[in-house]
2 protein chains.
Amino acid sequence: MTLNETLSRLKGQGVKITPQRLEILKVLLDEERYYSAEEILKKVQESYPAISYDTVYRTLYLFKKLGLVLELNFQGGYRRFEFNRQDRHHHHLVCLKCGCSQKLSCCPTDCLTRIKEEHPEFAITSHSFEIYGYCEVCRKVKS
Amino acid sequence: MTLNETLSRLKGQGVKITPQRLEILKVLLDEERYYSAEEILKKVQESYPAISYDTVYRTLYLFKKLGLVLELNFQGGYRRFEFNRQDRHHHHLVCLKCGCSQKLSCCPTDCLTRIKEEHPEFAITSHSFEIYGYCEVCRKVKS
DNA sequence: CTCCCAGATCGTAATTATTCCGATGTAATT
DNA sequence: AATTACATCGGAATAATTACGATCTGGGAG
Ligand SMILES: [Mn+2]
Ligand SMILES: [Mn+2]
Ligand SMILES: [Zn+2]
Ligand SMILES: [Zn+2]
């Protein structure tokens, strides 16, 4: 998903491209990682100092509804957002101390198919799978 | 895990058993499901009208640290707590509309072992695996 | 059984994250 | 250029969680 591909997809869906939305998209696409709402606000403020949290959240939820963005809810209540690179579905290894993360290659597809079979009445839309613990650095520092 | 087993375990660990803690334990053990902090507060208030949120949260986090309670962070930012029945590790099928849930029998153990092998430097402490969608009732109502 | 005190609770205030709202601005269509 | 539906802004409101000083108490020592 490049920026231009995404923009034309949005136009096709009749979604207005405002400068703020464009900037939020750029932030999300810049690095392949997740962001907190605050991080996104701070980054966009560099170009649009007046942008409000309202706009950030509204845009993120709009993008989420359009399938462009994923919302991640981590242990401890941390909410994060990341661009949904369709071709690269993945899960995370999350450090409970420093918050750093690694992408995982593994997705429990066999469990998912079994659950679909066992609960055909339930309309599954998404799943989460996260591994928590302490990264190499933090496990040494302990505390 | 019965109430008495849990209590003697707590005593063994030198944890004070206060009436409020006992009552919170009873609520958690009463039904095999998860609770919001507010639900627990309301239930305990029936016996201890003066109990504060502070006590509820402190107790839940204490129990979590002792391994008695699990903290669940669901899509949408809902935080829930449930008694950790050691023998019955499980995951959840969660309805995004009404919030109802079903226990799942399936746990992605093969993924977990693979991840442990691939990231030996990371000290894994826990994992989450939740399935989201719409239950039979809500998928019909749509909206 | 009573005394004692580390630690638990209460009441309330502070903090944090998120959502709401009225006024104003603007992208895209006519 | 005018129109309008929708976006944004600034700031206030709400909700969830945490902090803190004053007070209380579970349970061990004597
Ligand atoms: Mn990711
Ligand atoms: Mn459960
Ligand atoms: Zn997956
Ligand atoms: Zn599991």
Side-chain angles (χ1 to χ4, degrees), chain A residues 6-27 34-66 68-69 71-81 96 99, chain B residues 6-27 34-66 68-69 71-81 96 99:
Chain A
T6 308
L7 289 177
S8 52
R9 182 176 151 190
L10 285 174
K11 286 202 173 167
Q13 290 173 298
V15 176
K16 269 188 199 168
I17 311 294
T18 67
Q20 292 88 343
R21 289 178 178 180
L22 179 59
E23 204 57 32
I24 290 173
L25 258 186
K26 282 185 187 170
V27 170
Y34 52 70
Y35 295 87
S36 67
E38 188 184 3
E39 278 180 303
I40 292 172
L41 182 86
K42 293 281 167 60
K43 290 230 177 194
V44 176
Q45 276 181 336
E46 291 169 13
S47 348
Y48 295 89
I51 194 170
S52 67
Y53 265 115
D54 195 1
T55 299
V56 171
Y57 280 110
R58 254 186 304 98
T59 304
L60 287 171
Y61 293 143
L62 170 71
F63 288 170
K64 181 184 167 188
K65 199 168 59 182
L66 296 171
L68 280 182
V69 158
E71 176 190 333
L72 306 168
N73 286 96
F74 292 146
Q75 198 73 247
Y78 301 104
R79 187 179 290 190
R80 297 292 180 266
F81 301 89
L96 293 167
Chain B
T6 308
L7 289 177
S8 53
R9 184 177 150 188
L10 286 175
K11 287 204 172 168
Q13 289 174 299
V15 176
K16 268 189 199 169
I17 311 295
T18 68
Q20 293 89 341
R21 289 179 177 180
L22 179 60
E23 204 57 32
I24 291 173
L25 258 186
K26 281 185 187 170
V27 170
Y34 52 70
Y35 296 86
S36 67
E38 188 184 3
E39 280 180 301
I40 292 171
L41 181 85
K42 292 280 166 63
K43 291 229 179 198
V44 176
Q45 276 181 335
E46 291 169 13
S47 348
Y48 295 89
I51 194 171
S52 68
Y53 265 115
D54 194 1
T55 299
V56 171
Y57 280 110
R58 253 185 305 98
T59 304
L60 287 171
Y61 293 143
L62 171 69
F63 287 170
K64 181 183 167 190
K65 200 169 58 181
L66 297 172
L68 281 182
V69 158
E71 175 189 334
L72 306 169
N73 286 95
F74 292 145
Q75 199 72 247
Y78 301 105
R79 187 179 292 191
R80 297 292 179 267
F81 302 89
L96 293 167

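First the proteins, then the strands, lettered A, B, ... as listed; each starts at 1.
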Item to check | From CA spacing to verdict: side chain to side chain contact (heavy atoms under 4.5 Å, CB included), A:Thr59, A:Gln20 | outcome: CA-CA 9 Å; A:Thr59 304; A:Gln20 292 88 343; 5.8 Å; no
Checklist entry - Under 4.0 angstrom, heavy atoms only, what part of the nucleic acid is B:Tyr61 near: base, sugar-phosphate, or nothing? => result sugar-phosphate
Checklist entry - What is the nucleic acid contact for A:Arg21, judged by heavy atoms within less than 4.0 Å: base, sugar-phosphate only, or nothing? => result sugar-phosphate
Checklist entry - Under a 4.0 Å heavy-atom cut-off, which of residues 38-48 of chain A touch DNA chain D? => result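 By residue number: none to list.
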Checklist entry - Between A:Tyr34 and A:Phe74, is the ring centre distance below 6.0 Å? => result yes
Let me know the distance between [atom1] of [X] and [atom2] of [N], rounded to the nearest Å.
X	N	atom1	atom2	result
A:Glu23	D:dT8	CD	P	13 Å
A:Leu62	C:dT19	CG	P	14 Å
A:Ile51	D:dA7	CD1	P	14 Å
B:Leu60	D:dT18	CG	C1'	14 Å
A:Glu71	C:dA17	CD	P	15 Å
A:Tyr78	C:dT16	OH	C1'	12 Å
B:Tyr53	C:dA8	OH	P	22 Å
B:Asp54	D:dA22	CG	P	16 Å

Checklist entry - Of the nucleotides C:dT9, D:dT8, D:dT18, which one has an atom closest to the side chain of A:Thr55? => result D:dT8
Item to check | Closest non-hydrogen atom pair, B:Lys16 against B:Arg21 | outcome: O-NH1, 2.9 Å
For [X], all residues meeting side-chain hydrogen bond (donor to acceptor under 3.5 Å, both in side chains), sequence neighbours excluded:
X	answer
B:Gln75	none
B:Gln45	none
A:Tyr35	none

Item to check | B:Arg58 vs C:dT9: side-chain N/O to OP1/OP2 distance below 4.0 Å | outcome: yes
Checklist entry - What residues, two or more places apart in sequence or in another chain, satisfy salt bridge (Lys or Arg N to Asp or Glu O under 4.0 Å) together with B:Lys26? => result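 In terms of salt bridge (Lys or Arg N to Asp or Glu O under 4.0 Å), with neighbours along the sequence ignored, B:Lys26 is linked to no residue.
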Checklist entry - Quick one: do B:Glu38 and B:Lys42 make a salt bridge, cutoff under 4.0 Å? => result yes
For nucleotides 23-30 of chain D, which of its nitrogen or oxygen atoms have a protein nitrogen or oxygen under 3.5 Å away, and what is each distance?
from	atom 1	to	atom 2	distance (Å)
D:dG26	O3'	B:Ile17	O	3.4
D:dG27	OP1	B:Ile17	N	2.9

Checklist entry - Hey, what do you get for CD (B:Glu23) to CD1 (B:Ile51), rounding to the nearest 0.5 Å? => result 8.5 Å
Checklist entry - Taking the nucleotide of DNA chain D with the closest heavy atom to each, which residue, A:Pro49 or A:Gly76, is nearer the 5' end? => result A:Pro49
